[in-house]
2 protein chains.
Amino acid sequence: MPRGNGQGPMWWHGRFRGCGYRITVGREAILDVLTRADKHLSAEDIYIKVHTAYPAIGLTTIYRTLEILVNLGLVFKFDFGDGRARYELAEGSKRSAHHHHLICTDCKRVIDYTDFIDDEIELLKQTEKGLSEKYNFMITNHLIQFYGLCDKCRKKKGGD
Amino acid sequence: MPRGNGQGPMWWHGRFRGCGYRITVGREAILDVLTRADKHLSAEDIYIKVHTAYPAIGLTTIYRTLEILVNLGLVFKFDFGDGRARYELAEGSKRSAHHHHLICTDCKRVIDYTDFIDDEIELLKQTEKGLSEKYNFMITNHLIQFYGLCDKCRKKKGGD
DNA sequence: TCCTTAATGGCAATGGTTTCCATTACCAAG
DNA sequence: CTTGGTAATGGAAACCATTGCCATTAAGGA
Ligand SMILES: [Mn+2]
Ligand SMILES: [Mn+2]
Ligand SMILES: [Zn+2]
Ligand SMILES: [Zn+2]
């Protein structure tokens, strides 16, 4: 099993240990799958991938590990409206950079976009500051998604 | 049962009929509950409220009607992370104005905010335009939520 | 190497949402 | 107003992602 660079402890080991969590093969396998994922995976997607290399690891462990990862802020959990949660490595790892989502309400396709992010982040920063003060709320994260019809579904539906 | 103003067809009747849907007591009751709601209701919340006036209406009808309303764009469906969908009348009706959400990841409390909305909308318009062109996507809606710790949960947790 | 205890896996249980189908009731036509 | 075609309904069963339970395993500090 390739482990990122094949040697030393992974980038997340420290964080894990620091919170009292143990490093296990299952957890390494799950992080590995998430790290090399190029799309948004469901718990079962991850289970299947992990299963090919480690058939002993159960779906329950996938859920448990994902919950920890989400709480640690290492992974984001999304609801794209298809009835199952989707997971994606948080920025900070090489693979994923901060981005937002474009979701087709018809075929459920999800597009990551990083364009315009700079302007958005700029405004978000201000908004977060204002909201924090007014509502005495400590903002730690945000979710921005645009919904509509994708390229293909647009054609399938009406003209225009 | 008060019906908004007590006479003529409701504001949504036209839209409903236009799409080939029939007007039924159940649907009127559900819209009525949504119209006078002051918070985000789950399907069951709506069922309970409707049930006091119309005990004959079942939970299944609530779900079916909500699906139609969401598809028509009259109602927004949200996932605030507590395991059940929440519904809210879309703007356009008197009650609800366009707003975004502030969600406490600890107690799941949701705050509607309309502050800073103007600046946000301004940027969103530009972003939507850019995204539409680049990805050939027809954007019809957006979702913006900030996550963090609310006033109370902040105190309960660590100091600071 | 040993021991404490976090972690695990399989399976049952949970619970929100959907499906099914026989019955009801809109509402357009006459 | 009455009628008929069919959309809408309700009750209960089915669905299915996620969680709980508990006996067993294995991290990893001593
Ligand atoms: Mn993404
Ligand atoms: Mn709201
Ligand atoms: Zn699509
Ligand atoms: Zn809170």
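Here is the naming used below: chain letters follow the sequence lines, and residue numbers restart at 1 for every chain.
We find that CD1 of Ile23(B) is positioned 14 Å from C1' of dA28(C), with the value rounded to whole Å. Rounded to a whole Å, the CG atom of Asp79(B) is 14 Å from the C1' atom of dT17(C). Rounded to whole angstrom, the span from the CG atom of Leu66(A) across to the C1' atom of dT8(C) amounts to 15 Å. Taking atom CZ of Arg84(A) as the reference point, atom P of dT17(C) lies 16 Å away to the nearest angstrom. Distance Tyr63(A) OH to dC21(D) C1': 17 Å, rounded to the nearest Å. For the pair Glu67(A) CD and dG20(D) C1', the interatomic distance rounds to 12 Å; values are reported in whole Å. As rounded to whole Å, 10 Å separates atom P of dA17(D) from atom CZ of Arg86(A). Following rounding to the nearest Å, Asp82(B) (CG) and dT18(D) (P) show an atom-to-atom distance of 14 Å.
For Phe80(A) and His40(A), the ring centers sit closer than 6.0 Å to each other.
In this structure the side chain of Tyr87(A) never reaches within 4.5 angstrom of the side chain of Leu69(A), judged on heavy atoms.
Each of Asn141(A), Val70(A), Leu89(A) was evaluated against Phe76(A); a single residue qualifies, Asn141(A), per the side-chain contact (heavy atoms from CB on, under 4.5 Å) test.
Side-chain contact, Ser42(B) with Asp45(B): a donor N or O sits under 3.5 Å from an acceptor N or O. Side-chain N/O atoms of Asp115(A) and Tyr135(B) include a donor and acceptor closer than 3.5 Å. Counted by atom type alone, Glu28(A) and His13(A) present one or more donor-acceptor pairs between their side chains at under 3.5 Å. Using modelled atom types, one finds no donor on one side chain facing an acceptor on the other under 3.5 Å when comparing Glu120(B) with His98(B). Looking at His142(A) and His100(A), their side chains do bring a donor and an acceptor atom within 3.5 Å of each other.
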Treat primed atoms plus P, OP1 and OP2 as sugar-phosphate and everything else as base, then score nucleotides 8-13 of chain D 5' to 3': B for base contact with protein heavy atoms under 4.0 Å, S for sugar-phosphate contact only, - for none.
-> SBBBB-

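Defining each end axis of the helix from dT1(C)-dA30(D) to dG30(C)-dC1(D) as the rotation carrying four pairs' C1' atoms onto the next four, with five pairs an end, the two axes are found to diverge by 40° to 10 degrees.
The 12-atom threshold is exceeded at NZ of Lys108(B), counting heavy atoms of other residues, nucleotides or ligands nearer than 6.0 Å.
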